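Both counts, for ligands and for their atoms, begin at 1 and track the order of listing. Bear in mind the structure is a predicted one, so any value in this text is a computation, not a measurement.
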Amino acid sequence: MSAGGKLDTFILDAAGPRPGAGLFGLNNQQLTEQLGEFHLPGWRIRQLETALYSQRVTTLDEVTTWPKDLREQVKTAGFEVRLTRIAETFRSVDGTERYLIACADGQTVETVWMPEGDGAEDDDSAPEPASGEAPSARSWTRATICVSSQIGCAVNCQFCLTAKLGIIRNLTAGEIAGQVAAVLNRHQAQPGRDRINLVFMGMGEPFLNYDAFMDAARLLAGPMAIPESRMTVSTSGIVPGILRFAEEPIRPRLAISLNAPNDAVREAIMPITRKWAIADVIEAVRKLPLRPRERVTFEYVLLSGVNDQAQHADEVARLVRRANFPARVNLIAWNPGPGVPFAMPDAQSVDAFQQRLRAGGVPAFIRRPRGRDIYAACGQLKKTMD
Ligand code: SF4
């Protein structure tokens, strides 16, 4: 579909199920309300929160701080943890793993694990793990998890495989945070001890599922103990979402999926530009109170012959300079996918684009593609590609 006027209506229709008996994904107040019939004191609710989000239990039987009869009563009343689970794993030669994560209604969503960071060139990455190594071998020292916010996507970026699905439904806060919990459990990772970064750059447009996305971000930053400064959300430029985001006391970092030097080029590859032009997006980003040393990231997928020419780089540099807030550009060579009519730029033109941006005074970094062989790289997430 076009991302024009129909978008808001479409998203309203795509609201996901809100299962009443699943506890994972509820915050302290919601847990208190849901379990109101048991008249539990606050400390019992806090014990449950610790079990759900810090220990990441998968059944109520594992909430061992509760007496057995309380666990049984709560189970008998129909409550369960209902954590999303990994249904299928695809492992890349570079150590990246792509998962199909099963939701309670049988839908699946995609999540990606990237050991040693997200591939940004400025990362102080340790050597890559050897291919075929078991994930439990702890060959990683830090990792990034790429999280989905919707099943499918309505935004219809022309270079993106997920767009081909259309929007199927929104994910709940529990399903968003649950992807992280399921992946942390698989790798026995512990935020606090292990350096875990999150990028909300998987399937979907987080700002078109704003409330569930922010509820999940608060759970992740709170009881799941992942610092907000280690989370980044990427938006295609949903202006009302950016304005709400700017008001949030706790929030991830912001990335704008720019991908074009001007509205004309952007409209051809991102129809959402017809609704919100680049200038509108930049104006909204200006409202974001940045933390010390924080920069806004502009993501730029390079498509050969479309947006990767020298004059495009000069235009992007001007645009970023005029934006006049601390920013950086992440360059990503487009990842090929079947039925998507673009060509991948060669390494030289990617390097040349970076140099041109840097010469124009803009910090620019090249992101190495991760998991391209398993369709885990940027813009490649589409569950029918198994
Ligand atoms: S790039 Fe992101 S916003 Fe655009 S269609 Fe794909 S998932 Fe949606």
Of all the atoms in ligand 1, which lie at a distance below 4.0 Å from a heavy atom belonging to [X]?
X    : value
G204 : 7 (S)
N156 : 5 (S)
A163 : 5 (S)

Inset, instruction - May I ask you to check if any N/O/S atom from C160 comes under 2.8 Å of atom 6 (Fe) of ligand 1? - result: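 Yes, since at least one N, O or S atom of C160 sits under 2.8 Å from atom 6 (Fe) of ligand 1.
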Legend entry - salt bridge (charged side-chain N to carboxylate O under 4.0 Å, His left out) contacts in which one or both residues fall within residues 256-273, not counting sequence neighbours: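 Salt bridge (charged side-chain N to carboxylate O under 4.0 Å, His left out) check on residues 256-273 returns E267-R274.
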Inset, instruction - Please identify each residue that fulfils side-chain contact (heavy atoms from CB on, under 4.5 Å) with Q158, with sequence neighbours left out. - result: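 side-chain contact (heavy atoms from CB on, under 4.5 Å) check on Q158 returns N156, P271, F342.
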Inset, instruction - May I ask you to identify, for C153, whether its side chain, its backbone, both or neither come under 4.0 Å of ligand 1 on a heavy-atom basis? - result: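 Side chain only.
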Inset, instruction - Would you confirm whether S349, through its side chain, and D346, through its main-chain N or O, come within 3.5 Å as a donor-acceptor pair? - result: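 Confirmed, S349 side chain pairs with D346 backbone.
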Inset, instruction - Would you confirm whether D194, through its side chain, and P191, through its main-chain N or O, come within 3.5 Å as a donor-acceptor pair? - result: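 Here the side-chain-to-backbone pair does not exist.
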Inset, instruction - Would you please indicate yes or no on a ring centroid separation below 6.0 angstrom for F353 and Y300? - result: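 Aromatic pair counts; centres sit under 6.0 Å.
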